[in-house]
Amino acid sequence: MFSTKEFIEASREFVCVRLETFENKEHQALVRRILNGRFENTAFCLLAPDGETPLTRSSRSPQNILGAHGRGPSAEPGSNEEVIAAMKEIADDYSPRGKVDEMVLQDFHSFRQALNVASGDQRLLLFVAASPGDVERCRDTLRPVFAHDEIIGRFHLDFGSAATDASWAENVSDTWAKSGYFIIQADAFGQKGKAISQLPLTAGKSDIAKALLDANRLFAETEERKVYSSHVAEGRSENIFFENEIPYGEDHDGDGEVDTRRSGKGKGKGKG
Amino acid sequence: MKRLILLTLSSLALIGSSFGQGSRPTDIGASTQPIGDAGIMWYTTWDTALEEAKRSNRPIFFMSAAATCSGISGVF
């Protein structure tokens, strides 16, 4: 459903946020708030712009809630059309304001997480390595770029932080500078990447946009969609593990503890 | 052949672990569209999403998901 043109168009009327469930305690707390105390690896809800007022019940996916068949605890999941229609009905209650090219830009808590998410989505990542003094100027440059129809929704964007990303370049090949705009292709398991294009921090909007589009064109020609089952099977055989702050596991009864029938692997050691 | 057997066994193990975690929603944001096409524009921190929602007065489409499966990265 998320891949259909109609859904993507409907999503533009919302601020879409997808948090990595196990990334940190803040995300865990938010998921518990959304799921009324439970902690599960996926959660969904529509909220008012204040971030507090729920506009729907919460569940694990939109189909469980939105649309005529999606309402009620034992109802059949809503169809794509019903979900989209319900989203439009809710969005119509709000009048968007402000200019699109003044939007807040995407960011990640860490480069490590950005690389993994870019790999999972199979999108290129634009990583900005800049001193704190340059970052705001970079944001000003990038806002209209990332609001452009040909760029929006095609890339992930991360601004490096000295606190969390000091060693980012150790996991990225083909970089020639310590600072700049780096267009990075993540590897299959999102733990390493290669810079397929890079520009200095003095680059202008049109140069950045052109580099992004050129890189995306090449990426589309050479990358193939992952197959979930074989990807995971290969990861197991290669002993891949990605450690998050929160151990893997779910708390279905909402007692504050991860259910004991599952064994969390959050203390393991990752590859790469 | 050895690799095929290994992959098959790993897949079976995956099915087992998926049952252990409860059903995995069939659509949690991973895309089946052609690579390079425009998809959902995701914010990936709560602070940036909330700031943008307040700025633009748009409602929030909230999802959380793991970009891992049983700790294996690079997949939604």
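From a predicted model like this one, the values you see are computed outputs, not experimental measurements. Reminder, nothing fancy here: chain letters follow the sequence lines and each chain counts from 1.
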Problem set entry | Main-chain N/O of B:Ser56 paired to A:Tyr94 side chain as donor or acceptor, under 3.5 Å | no
For this session: Would you check if A:Leu30 and B:Ser64 make a side-chain contact, meaning some heavy-atom pair closer than 4.5 Å?
Result: no
Exercise. When you measure from the side chain of B:Arg58 to the backbone N and O of A:Arg12, does any donor-acceptor pair fall under 3.5 Å?
Worked result: yes
Problem set entry | Heavy-atom check, side chain of B:Ser70 versus side chain of A:Tyr248, under 4.5 Å | no
For this session: Under 4.5 Å heavy-atom distance to chain B, tell me which part of A:Lys5 shows up: side chain, backbone, both or neither.
Result: neither
For this session: State whether the side chain of B:Thr45 and the backbone N or O of A:Phe108 hold a donor-acceptor pair below 3.5 Å, judged by distance alone.
Result: no
For this session: With the side chain counted from C-beta on, respond yes when A:Glu26 and B:Trp46 share a heavy-atom pair under 4.5 Å apart, and no when they do not.
Result: yes
For this session: Compute both the distance and the angle, then confirm whether A:Arg18 meets the cation-pi test with B:Phe76: under 6.0 Å from the six-membered ring centre, within 45 degrees of the axis.
Result: yes
Exercise. Of the listed residues (A:Ile34, A:Thr53, A:Leu55), which shares the most heavy-atom pairs with chain B below a 4.5 Å separation?
Worked result: A:Ile34
Exercise. Given that the side chain runs from C-beta out, which part of A:Glu224 has a heavy atom under 4.5 Å from chain B: side chain, backbone, both or neither?
Worked result: backbone
Problem set entry | Donor-acceptor contact below 3.5 Å, side chain A:Thr21 vs main chain B:Ala65 | yes
Exercise. Do A:Asn116 side-chain atoms and B:Gly74 backbone N/O form a donor-acceptor pair below 3.5 Å?
Worked result: yes
Exercise. What pairs with A:Phe39 under ring-ring contact (aromatic ring centres under 6.0 Å, His included), at least two apart in sequence or on another chain?
Worked result: A:Phe22
Exercise. Between A:Ala186, A:Ser95, A:Ala114, A:Ala118, which residue shows the highest count of heavy-atom pairs closer than 4.5 Å to chain B?
Worked result: A:Ser95
Exercise. Under 30°, 30 to 60°, or over 60°: which ring-plane class applies to A:Phe2 and B:Trp42, parallel, tilted or perpendicular?
Worked result: tilted
For this session: Using modelled atom types only, decide if a donor and an acceptor are shared between the side chain of A:His231 and the backbone of B:Ile72 within a distance under 3.5 Å.
Result: no
Exercise. Between A:Phe155 and chain B, which part of the residue has a heavy atom less than 4.5 Å away: side chain, backbone, both or neither?
Worked result: neither
Exercise. Which answer fits A:Leu46, side chain, backbone, both or neither, if we ask what part of it has an atom under 4.5 Å from a heavy atom of chain B?
Worked result: both
Exercise. For A:Leu105, is it the side chain, the backbone, both, or neither that has a heavy atom closer than 4.5 Å to a heavy atom of chain B?
Worked result: backbone
Seminar exercise, completed: From the list A:Asp107, A:Val31, A:Ile152, the residue making the most non-hydrogen contacts under 4.5 Å with chain B is A:Asp107
Problem set entry | Contacting region of A:Arg97 [heavy-atom separation from chain B under 4.5 Å] | both
Exercise. Just by distance, with hydrogens left out, do A:Glu20 and B:Thr44 show a side-chain donor and acceptor under 3.5 Å apart?
Worked result: no
For this session: Please state whether the side chain, the backbone, both or neither of A:Arg217 comes within less than 4.5 Å of a heavy atom of chain B.
Result: neither
Exercise. Can you say whether A:Ala48 sits under 4.5 Å from chain B via the side chain, the backbone, both, or neither, judging by heavy atoms?
Worked result: backbone
For this session: Please confirm whether the backbone N or O of A:Met103 pairs with a side-chain atom of B:Glu52, one donor and one acceptor, at under 3.5 Å?
Result: no
For this session: List for me each residue that meets salt bridge (Lys or Arg N to Asp or Glu O under 4.0 Å) alongside A:Glu23, sequence neighbours excluded, and say none if there are none.
Result: none
Problem set entry | Interface residue of largest heavy-atom contact number with chain B, from A:His156, A:Lys99, A:Glu150, under 4.5 Å | A:Lys99
